[in-house]
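What follows is one structure encoded as structure tokens, with my remarks underneath.
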Amino acid sequence: MRRTRGRILTVIGFACFTMTHAAMVHAQEKPSAKVLRAFSVAPEVSMRVYVPAGRVRIVTWSRDSVQITGSVGAASSMFGGGDRDHVKFGVDPIRTGDVALASADLLVMVPRKARLWVKMTSGVIDVDGSEGELELYAVGGSISVRNTRGVVSIESIDAVVTVDASSGDLRVRGSKAPITLRNVTGTSTVTTVSGIVSVLGAAPECRIETIGGDIAFDASALRGATVELQTHGGAIGIDVNAAALPILDVSSRTGRVQRPDIRGSLKHGRIVARSFKGAITVRAVKSARMVDTPIR
Amino acid sequence: MSSPVSCQDVRARLAVYLAGELTEAEARAIETHASECADCEGLLDEATRVPVHAFAPPLPVELRDRTLAAVSARAANASSPAVLPSIATGTRTRSAARWIVVASTVAAAAVVFMMVRPSFEPSPRHTDSTFAVAPSQGTPADLADVSARPEFAELERAANELKAELTKTPNDVELQAFLEAVNTRRIELERRVKDARS
């Protein structure tokens, strides 16, 4: 009897120690929940993704299915649902009224032609390879889009925007943060208030409007482009190809205008630049690489 | 969506309806149509149901059958007369001790957990520290007072400059275009900030 009691006490003591240690370790290093979801969808599934903070990376693949991997913030929980044609998922705070933003770090694999709507408050949105429609909204953080072919619409307040190698229609609306377009070959419209807009490589059919933000447009590799640039007070800097000067229609109400003293040709395109009080500078540069664009 | 809703309208607006972003009138119009159209009613039912299987693959049928067979076999063995006599005698004392140990362990674990749990609330910094979040140039707090944002001051200044010029040359088409651009940027920014707050 005494031996049995001793064994019982030993077991209880060991259990207490184990549970205490486990509880301490568990609470201190409470891991963010690992998320793994995979389900089949239609090729042109419509998806809405809402992640207030963190990172959402979207990569397209050739499967008719969605796979979500990553992790969810400690005070956040994932929600989701839908069917083959419409899917909605995201994260929200576990405790209602929690002032901290729900967060997650997700990698989402989607069909190439999926129609995506992604909204973040403060975080990173990164999309690669989409052929469907994209609508991306972020207040702060950054939005990066690469290798897209479908219609892309980006709205940002303070998020830095970068678009690389887009061939579909592109529309970007910003406010304060910089916007960079590289090797964009489709039509594009960019509007912002005070953010700097930089266009490098292509953008053959492009309209850019800012209020106080500067515009830096490298048209030296373009031939046959139709470009319209307008600012209220922001400066406009344009590089054109010295060997293939487009028609330049540039004027500023009260700002200084500098341009090459050579008349361009419509076959090389047309660039219109207007500013109320910003300076406009056009430089003719030598460029080895040219991208031909049919004049409309 | 004040005009009658068609089946095509329902299919086109379904995603927005599911996200709860239609106006009340629009949502009601869709629901009214669904109540009169069996196809659209089925579409709505299926879309608003949250299928568990959408997030988890179903078990293979063979696995389920094997599991059921194993459970049945074990149940049959447990009730076999050949097994019972070995349980009946000589092990009563060990069983009692085992139950005491289990009950004590569970009770001790519960007491310990209740004692330590309140002290180890996850700290707020843990939420985002592991994520690669780009530095944000604005926080949700900046959206509380829209007019305090510097862009609005810039838009206000630009509008005032243009209006001053237009008083001198009211028919200047180019100035009017500049002013329209400024007003459009202001309306767009107000809408975006309002959407962000929601």
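In what follows, chains carry the letters A, B, and so on, assigned in the order in which the sequence lines appear, proteins first and then strands, with residues in each chain numbered from 1.
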Note: Val193(A) and Glu151(B) closest approach over all heavy atoms is CG1-CB, 3.8 Å
Salt bridge present between Glu165(B) and Arg253(A) (N-O < 4.0 angstrom) = no
Any chance CD of Gln176(B) has more than 12 other-residue heavy atoms, nucleotides or ligands included, within less than 6.0 Å?
-> yes
For residues Leu162(B) and Phe276(A), determine if any side-chain heavy atom of one lies less than 4.5 Å from a side-chain heavy atom of the other.
-> yes
Partner chain B: residue of Gly233(A), Pro52(A), Ser275(A), Ala138(A) with the largest heavy-atom pair count (under 4.5 Å) | Ser275(A)
Between atom CD1 of Ile211(A) and atom CZ of Phe178(B), what is the distance when rounded to the nearest 0.5 Å?
-> 9.5 Å
Which heavy atom of Arg185(B) sits nearest a heavy atom of Thr192(A), and at what distance?
-> CD-O, 3.8 Å
Verify, without hydrogens or angle tests, whether Arg192(B) (side chain) and Gly174(A) (backbone) share a donor-acceptor contact under 3.5 angstrom.
-> yes
Checking heavy atoms, do the side chain of Ser46(A), its backbone, both or neither come under 4.5 Å from chain B?
-> side chain
Side-chain contact, heavy-atom cut-off 4.5 Å: Glu174(B) with Ser251(A)?
-> yes
Residue among Arg157(B), Glu188(B), Arg186(B) with most heavy-atom pairs under 4.5 Å to chain A | Glu188(B)
Spacing of Asp85(A) atom CG and Leu14(B) atom CG [to the nearest 0.5 Å] | 8.5 Å
Side chains of Ile157(A) and Arg149(B) in contact at under 4.5 Å (non-hydrogen atoms) = yes
Looking only at Arg115(A), Arg173(A), Glu209(A), the option with the highest number of non-hydrogen pairs under 4.5 Å against chain B is Arg173(A)
Intermediate values then yes/no, side chain to side chain donor-acceptor pair (under 3.5 Å), Glu154(B) and His232(A) = CA-CA 10 Å; Glu154(B) 188 163 2; His232(A) 177 81; over 6 Å; no
What are the two closest heavy atoms between Gln230(A) and Ala177(B), and how far apart are they?
-> NE2-O, 4.3 Å
More than 12 heavy atoms from other groups under 6.0 Å of CZ on Arg63(A) | no
Calculate, to the nearest 0.5 Å, the distance between atoms CG and OG belonging to Leu155(B) and Ser194(A) respectively.
-> 8.0 Å
